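Structure record follows, encoded as C-alpha cells.
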Amino acid sequence: MNVRVRFAPSPTGRLHIGGARTALFNWAFARRNAGVFILRVEDTDMERNSEESLRSILSSMRWLGLDWDEGPEKGGLHGPYFQSQRMERYAAAAGELLEKGHLYRCFCSMERLDAVRAAQQAARLPPRYDGHCRTLAHAESDRRAAAGEPCVLRHRVPEGTDVHIPDAVRGDVHFRSEQVEDWVAVRSGGMPTYNFCCVVDDAAMHISHVIRGEEHLVNTPKQVLLFRALGLAEPVYAHVPLILGKDGKKLSKRTGDTALEDYRDKGYPPEALFNFLCLLGFSLDDKTEIFGPAAMAAHFDLKRITRSGAIFDLDKLHWLCGEYIRHTPLSELTERVLPWLQRAGLVNDRTDRAWLERVVAGERERIRRYGELPERVAYLFQDELTPDEAAGAVLADIEARNQLAAVADALANEAAFPPPDFEAWTKDYARERNIPLGRLLKPMRAALTGTLGGPPVAEILGLLGRERALARLKMSPRSRA
Ligand code: GLU
C-alpha cells in the first residue's frame with residue numbers, strides 16, 4: 001500500500017501540544033513507511049481563520065523538524081492544499097451525491113429544528129434531526145430549490161447499517177447507523193462542512209491512513225458512511241489518545257497546554273520537545289526514553305500507541321531539556337544561547353568567543369532552557385553587583401568581610417590565578433587559619449556572584465579574571481548595599 005497521510009490543521013489558532021503531537025505521529029508514520037506526509041490547511045471557517053495562525057503553525061512545524069512532502073510552499077500533484085481553494089470540488093461532489101440521492105435537501109427552518117430539539121430534550125432523547133425532509137419527493141425538492149427557498153444538504157444515512165471501524169490504535173470500534181443522524185454536509189449558502197470537505201479531500205488526496213486525536217472518533221462513522229456513498233473504500237483510521245494533565249483532566253493552559261511557539265520563545269531545545277511529544281502516548285520499547293527523529297523514522301509503529309490518555313508531565317519535559325542541553329556540543333550550545341544573551345544585552349560582537357564558551361560550560365549542567373542562562377550568568381558581565389537577599393545576609397557579617405579581604409590578599413600573592421589546585425589551596429588556607437571551609441567559600445561565592453549559586457568558585461574566579469575577582473573580594477559589601 002502506498003502510504004499517504006495528512007496533518008490537517010485549521011488555522012484558527014497557534015499550534016498547540018496536541019496538534020503538534022498529531023503532526024509528529026503522521027510525519028513519523030510516513031517516514032517509517034517510505035510514504036508521503038501531506039499538510040492540508042482546513043481554512044473553511046472564514047471568520048476564525050488568520051494568516052498569523054497559519055504562519056505560526058508552519059513555523060512551529062519547521063522548528064520541530066517536521067518537513068512535509070506536499071502542501072503549502074511545497075506544492076504537489078494533489079493540490080490545492082488549502083480547502084478554501086477547493087470549493088468547486090466540494091460543489092461537484094455534492095452535486096453528484098445529490099443526484100444519486102445520498103444527499104437530500106432539507107428546508108427545515110431554525111424554529112422547527114429548535115422545537116424538535118426541545119421536544120427531544122424533554123423526552124430525554126438524544127438530540128438529532130428527525131428526518132422530516134428525508135422523504136421529500138424529488139420534484140418538490142427541485143421546485144422549492146429553484147424558487148430560491150433556503151436549504152441545507154444532509155447526508156441520507158443508510159438505515160440498519162453497522163459501521164465497523166478497525167481502528168489501528170483502539171481496535172474494533174462499532175457504530176450503528178441509527179447513532180448517526182442525517183448530518184449537514186453543505187450549509188445553506190453553499191458552504192460545505194468539515195466532515196464533508198474532509199472526506200472529499202481524503203479521497204482526492206488518496207489518503208491511506210487518518211491519524212488524528214481521539215476527539216475526532218465521533219466524526220468517523222459519518223466519514224466512513226460518506227466514503228461508502230462515494231463508492232470508495234475508507235482509509236485506515238488511527239485515533240490517538242487524549243493528552244491529560246497530571247491531574248487526569250483534559251489538558252488546559254494551567255496544566256501545560258501551551259502553543260509550541262511559547263516553548264520556543266522560552267528557550268526549550270526543540271529536540272527535547274520533539275522527544276517529549278513522541279512520549280505522549282507512544283513508546284519505542286519499554287525502556288528507551290531518549291530518542292529523536294531518526295529512531296521515530298526507523299521504528300514508529302501505530303501498534304505501540306497506548307489507548308489510555310497520555311499524561312503531560314512538565315517535570316519530565318524539563319528533565320529531557322536538561323539531558324539534551326548537557327549533550328549538545330559546547331560550541332553549538334553557545335551558538336544557540338547567543339540570541340538570549342544578546343537580547344539580555346550581555347553579549348556583543350566584541351565578546352570573546354572562547355571565554356563565552358567557558359561561561360556556557362559553567363552553567364551547562366544546571367540550565368534546562370536557553371532562556372534561563374542570562375539571569376544566571378549576568379554577574380560575569382556586570383560592573384556593579386547587587387547581591388540578592390541570601391548573599392547580602394552573608395556579606396553583612398563583619399567577620400566574613402574581614403575574611404574576604406584576607407583571602408583576596410593571599411590570592412593576589414599567588415603567581416597563577418586562580419591557583420592551579422584551588423581545592424587544595426583553599427583547604428590549606430582554611431586549616432592554617434583554623435576556619436571551616438564553608439566560612440570561606442560561601443562569602444567568596446556571595447561576593448563574586450551576588451548569589452549563593454553558580455559553578456565552582458575556582459571556575460568563577462577564572463571566568464572573572466584576577467583583576468575583577470580580587471576587586472569584588474576586596475570591595476566593601478556595605479558600599480554595595
Ligand atoms: N481540521 C481538523 C482539526 O483541526 C482536522 C481533523 C482531521 O484530522 O480530520 O481538528
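All ligand and atom numbering here is 1-based and tracks the order in the structure. Not measured: the values here are computed from a predicted model.
Here's the thing with Ala8: one of its N/O atoms is less than 3.5 angstrom from an N/O atom of ligand 1. Between Glu42 and ligand 1, at least one N/O pair is under 3.5 Å apart.
Exactly one residue among Arg128, His132, Arg134 makes a side-chain hydrogen bond (donor to acceptor under 3.5 Å, both in side chains) with Asp182. That residue is Arg134. Remark: of the listed residues Lys74, Arg4, Arg31, Arg31 is the sole one forming a salt bridge (charged side-chain N to carboxylate O under 4.0 Å, His left out) with Asp69.
Looking at Val224 and Val199, their side chains never come closer than 4.5 Å, going by heavy atoms from C-beta outward. At a threshold of 4.5 Å between non-hydrogen side-chain atoms, the residues Val360 and Leu373 count as touching.
Ligand 1 places these atoms under 4.0 Å from at least one heavy atom of Arg212: 7 (C), 8 (O), 9 (O).
Here the two rings, on Phe37 and Phe7, have centers that are 6.0 Å apart or farther.
Protein heavy atom in closest approach to atom 10 (O) of ligand 1: His216 NE2, 2.8 Å. The single protein non-hydrogen atom nearest to atom 7 (C) of ligand 1 is Tyr194 OH, 3.3 Å, given as residue, atom name and distance.
Contacts between Phe7 and ligand 1 below 4.0 angstrom, taking non-hydrogen atoms only, are absent altogether. Contacts between Cys198 and ligand 1, counted as non-hydrogen atom pairs separated by less than 4.0 Å, involve the side chain only.
Heavy-atom distances between Arg6 and ligand 1 reach below 4.0 Å in at least one pair.
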**Prompt:** Given Gln83 and Asp43, is the side chain to side chain donor-acceptor pair (under 3.5 Å) satisfied, shown in steps?
**Reply:** CA-CA 6 Å; Gln83 288 192 328; Asp43 57 347; over 6 Å; no
